[in-house]
Amino acid sequence: MRTQLRQLGFAIDWARELATCDPDYYRWNQWFFLRLLKRGIAYKKTGTVNWDPVDQTVLANEQVIDGRGWRTGALVEKREIPMYYLRITDYADELLADLDTLDGWPERVRAMQANWIGKSEGAEIVFACGNDSIKVFTTRPDTLMGATFMAVAAEHPLALKAARNNAKLAAFIEQCRKEEVSEADLGDQEKKGMDTGLKAVHPLTGEELPVWVANYVLMGYGEGAIMAVPAHDERDFEFAGKYGLPVRQVISLDDKQEFDPQRWQDGYAGASGRLVNSGEFDGLARDQGAQAIVAALEKRDAGRPRTQFRLHDWGISRQRYWGCPIPIIHCDDCGDVPVPEEDLPVVLPENLVPDGSGNPLEKDAGFVNADCPQCGRAARRETDTMDTFVDSSWYFLRYACHDNDEAMVDERAGQWMPVDQYIGGIEHAILHLLYARYWTKLMRDEGLLSIDEPFSRLLTQGMVLAETYYRADDSGRRQWFNPADVEVSRDRNGQISSAVARADGRPVEFGGVEKMAKSKNNGVDPQQLVDRYGADTVRLFSMFAAPPEQSLEWSEAGVDGAWRFLRRLWASVNSHADSGRTRAFRPDQLSGQAADLRRQLHETIAKVGDDMGRRQMWNTAIAAIMELCNALQRFRPEGEAEHGLMHEAWEAVVRMIAPVAPHISEALWRKLGGEHSVFSAGWPEVDKTALERAAVTLVVQVNGRVRGRLEVAPGIDRDSALDLATGDENVARHLDGKTVRKVILVPDKLLNIVAS
RNA sequence: GCCGGGGUGGCGGAAUUGGUAGACGCGACGGACUCAAAAUCCGUUUCUGGCGACAGAGUGAGGGUUCGAUUCCCUCCCCCGGCACCA
């Protein structure tokens with residue numbers, strides 16, 4: 001079933017692929033895009049793409065940064081091209097706030113989205129710099145008086161301007177821009193910088209501050225420029241130390257701590273403390289100081305409060321063939337003209353072959369050449385396609401009303417939505433799920449929907465991991481072997497001692513356990529297992545292996561157990577049904593073992609319902625069903641009532657296992673006399689009266705260690721329990737010579753006698 | 001470097017709110033059935049000592065809180081995943 005879960009996760013990807021092939025879906029994507037364009041929610045601006053100067057193509061992000069080494073460093077250039085964007089940042093506040101309403105979502109996904117949106121409160125401050133100015137964003141306006149230099153990103157306009165007559169600076173900037181490509185190891189990259197020679201003017205003191213280019217300042221966040229306060233920011237501190245820039249303390253520390261400009265210490269960036277060395281602001285607490293400083297800046301028109309989001313607007317243009325065409329025609333005279341509604345959809349030609357040299361649409365005259373809808377003259381069709389995340393943002397809405405060719409969605413979408421239970425891989429935790437939430441809100445605000453959120457409950461599956469094997473050639477390049485093509489020898493502890501390739505019998509190296517990926521050739525196709533054992537067994541086995549949110553190392557050990565379980569179930573139910581003794585009975589006719597068995601049956605029904613529903617722990621649900629089956633198979637029914645009980649039990653078992661082993665369950669359900677499908681039979685009901693117990697097991701501890709067990713009537717009080725416990729031989733032995741100090745009773749569960 | 005998730009028998013994992021650690025399954029070992037094997041069924045299976053009843057140790061390491069800690073707190077180690085030096 002993990003496979004099935006996995007496939008449900010893939011459904012997102014399938015939906016995207018199918019949707020992009022479906023002109024009907026294109027039509028509404030394009031219709032809605034044009035509507036957003038008209039509203040100004042979609043807009044055009046220059047964006048940066050990774051460009052391969054050798055193959056002359058745009059590189060996908062993962063080709064550049066995922067460490068597979070396709071293209072790195074010098075082989076990637078940045079290129080500025082016009083792109084279409086959606087104003088997702090306008091919804092940043094709502095997307096953040098509504099996370100609190102998604103209580104059916106895993107906490108970690110909500111945390112990841114909140115971090116991604118990245119709201120921070122602070123101020124923007126403007127520093128004069130010659131005839132220009134530098135605007136910065138800071139979360140710490142209280143430290144303004146401790147700013148000792150400015151730092152700008154390599155791409156910052158002022159840096160570029162200064163580089164025009166400074167070759168060394170230009171070279172440094174070029175180097176920074178190249179290195180920025182590999183974000184993966186940015187974390188431990190050394191801080192580097194260079195003085196531009198420019199001076200910025202402190203807006204309150206008038207002091208001149210040097211302006212540096214620094215590789216730790218990012219153009220994509222805030223203003224691409226910072227005021228550096230080395231005394232209270234660890235990165236600025238490190239940078240100042242390296243380049244000998246001044247450090248000025250402006251926030252007091254705890255009494256215990258002394259400020260040392262040579263050494264960074266934890267409290268420097270802390271929240272406590274008052275302003276010092278800050279002139280008129282001295283003595284104010286941090287937040288008051290921040291307010292006062294921002295007020296002073298506002299008076300001089302040099303700053304104001306501001307909330308900054310990390311989230312960027314969503315660039316939806318993609319320079320690739322497969323995707324929904326962006327319905328725009330570029331005319332030399334009329335500019336960018338939307339394709340008229342009656343001409344939608346713009347469809348992709350299907351006969352093009354991507355050859356790795358860029359978007360084939362650009363070279364297809366039949367697609368590119370178009371008449372301007374406004375003036376009728378020859379014009380050029382937009383060849384960028386939409387990000388396929390656009391398609392996955394609302395496919396589930398279209399499912400509800402796929403046959404409507406008059407409207408994007410109709411009232412049926414409102415009836416079906418929101419999705420009760422959404423399942424997908426954890427890799428979709430941020431992008432897909434955030435875009436789908438955003439799109440839902442967009443459609444709501446366009447009057448097409450009345451829901452705020454698309455998915456009520458979310459299950460994010462863990463990754464499936466598998467062993468990797470490789471053989472390195474002389475140059476160190478690794479050739480990866482699929483685990484299925486490798487013969488593994490293990491030592492007594494199950495550890496891999498050696499492995500050889502089946503093909504040539506020569507040894508291969510074990511490369512550790514990693515997430516299944518094409519690049520490591522460690523994917524496993526469950527189809528072979530399905531062919532051998534059947535789909536029900538493979539579903540049962542993979543659902544039983546681990547809870548769905550946990551990552552799972554793929555192993556076929558254990559699949560035999562699932563197979564045996566289903567075979568036993570098949571035999572037991574058939575033999576019961578063939579006995580033909582299925583008459584109704586009254587529970588009070590049962591006694592002894594039979595009554596216990598019926599209690600276990602109803603406890604199991606309750607547990608399995610809770611595990612499959614609330615807890616989403618399918619592995620323990622299956623374990624409980626297995627336990628029940630073991631008990632049922634051991635039981636030898638005598639008389640009509642006990643045969644009736646067996647019938648009640650097997651009916652319940654078949655209904656409970658049906659979600660996991662649907663084919664066998666369906667057949668067994670008919671065998672048990674079901675007229676309709678097991679899936680219309682409903683969930684077995686818990687008979688609360690069957691749950692009552694005549695006796696419970698009370699664990700007896702002495703000083704927290706288990707020394708005995710008592711069978712007692714439910715609800716027994718502490719003193720009676722203690723009386724019984726001290727009568728137990730082993731308990732008495734451990735109490736011998738000691739005085740009872742304290743007795744703790746956990747009702748119907750445990751009695752702890754504290755003695756010394 | 002930062003963030004998130006983990007670390008429990010030979011293995012996958014269970015223990016839901018601080019209350020019997022190891023459910024369920026795999027594997028292994030022993031037995032029944034069989035001329036034999038497979039399949040099936042029964043039993044044992046955390047480690048150490050003991051014929052046993054039992055006793056001691058034990059959930060990555062070390063400390064703490066508690067009558068009681070896999071669970072809560074502190075420090076540290078290791079593994080997996082993600083990433084954005086976010087001002």
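Values below: all heavy atoms of this structure, side chains included; hydrogens, waters and symmetry mates excluded. By convention in this document, chain letters (A, B, ...) are assigned in the order of the sequence lines, proteins followed by strands, and residues within each chain are numbered from 1.
For A:T139, counting side-chain heavy atoms from C-beta on, the closest listed nucleotide (B:C85, B:A39, B:A87) is B:A87. Distances were taken from every side-chain heavy atom of A:N630 (C-beta onward) to each of B:A87, B:C24, B:A55; the shortest belongs to B:C24.
Between A:R705 and B:A55, a side-chain N or O to OP1/OP2 separation shorter than 4.0 Å is absent. In terms of phosphate contacts, A:H734 brings a side-chain nitrogen or oxygen within less than 4.0 Å of OP1 or OP2 of B:A55. Look at A:R707 and you'll find a side-chain N or O under 4.0 angstrom from OP1 or OP2 of B:A55.
Here A:F239 pairs with A:F149, A:K191, A:W212, A:A214, A:Y216, A:Y243, A:L245 under the side chain to side chain contact (heavy atoms under 4.5 Å, CB included) rule; sequence neighbours left out. Under the rule for a salt bridge (charged side-chain N to carboxylate O under 4.0 Å, His left out), A:R707 has no partner lying at least two apart in sequence or in another chain. Every residue two or more places apart in sequence or in another chain was checked for a salt bridge (charged side-chain N to carboxylate O under 4.0 Å, His left out) with A:R310, and none qualifies. Checked against side chain to side chain donor-acceptor pair (under 3.5 Å), A:N619 has no partners two or more places apart in sequence or in another chain. A:E603 is linked by a salt bridge (charged side-chain N to carboxylate O under 4.0 Å, His left out) to A:R599, A:R693, counting only residues two or more places apart in sequence or in another chain. A:R304 meets the salt bridge (charged side-chain N to carboxylate O under 4.0 Å, His left out) test with A:E124; sequence neighbours excluded.
Helical stems in RNA chain B, defined as runs of 3 or more consecutive Watson-Crick or G-U wobble pairs with donor-acceptor distances under 3.5 Å: B:1-7 with B:77-83, B:10-12 with B:24-26, B:27-32 with B:40-45, B:46-49 with B:54-57, B:60-64 with B:72-76.
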Cut-off 3.5 Å, no hydrogens considered: what does the side-chain donor-acceptor table look like for residues 563-572 of chain A, sequence neighbours left out?
residue	atom	partner	partner atom	Å
A:S572	OG	A:R568	O	2.9
A:S572	OG	A:Q633	NE2	2.9

Show the distances under 3.5 angstrom between N or O atoms of the protein and N or O atoms of nucleotides 14-23 of chain B.
residue	atom	partner	partner atom	Å
B:A14	OP1	A:N619	ND2	3.2
B:A15	OP1	A:R615	NH1	3.0
B:A15	OP1	A:R615	NH2	3.0
B:U16	O4'	A:R615	NH1	3.3
B:U16	O2	A:R614	NH2	2.7
B:U16	O4	A:K607	NZ	2.5
B:G19	N2	A:N752	ND2	3.4
B:U20	O2	A:R709	NE	3.1
B:U20	O2	A:R709	NH2	2.5
B:A23	O2'	A:E627	OE1	3.3
B:A23	O2'	A:E627	OE2	3.4

Table of protein N/O atoms under 3.5 Å from nucleotides 27-30 of chain B N/O atoms:
residue	atom	partner	partner atom	Å
B:G27	OP2	A:R564	NH2	3.1

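Base orientation at B:G9 is syn, since its O4'-C1' glycosidic dihedral falls within 90° of 0.
Rounding to whole angstrom units, CD1 of residue A:I622 and P of B:C26 are separated by 14 Å.
For residues 726-739 of chain A, the set of pairs meeting the salt bridge (Lys or Arg N to Asp or Glu O under 4.0 Å) definition, not counting sequence neighbours, is empty. Pairs of residues two or more places apart, or lying in two chains, that qualify as side chain to side chain donor-acceptor pair (under 3.5 Å) and include a residue from residues 739-756 of chain A are A:R741-A:S756.
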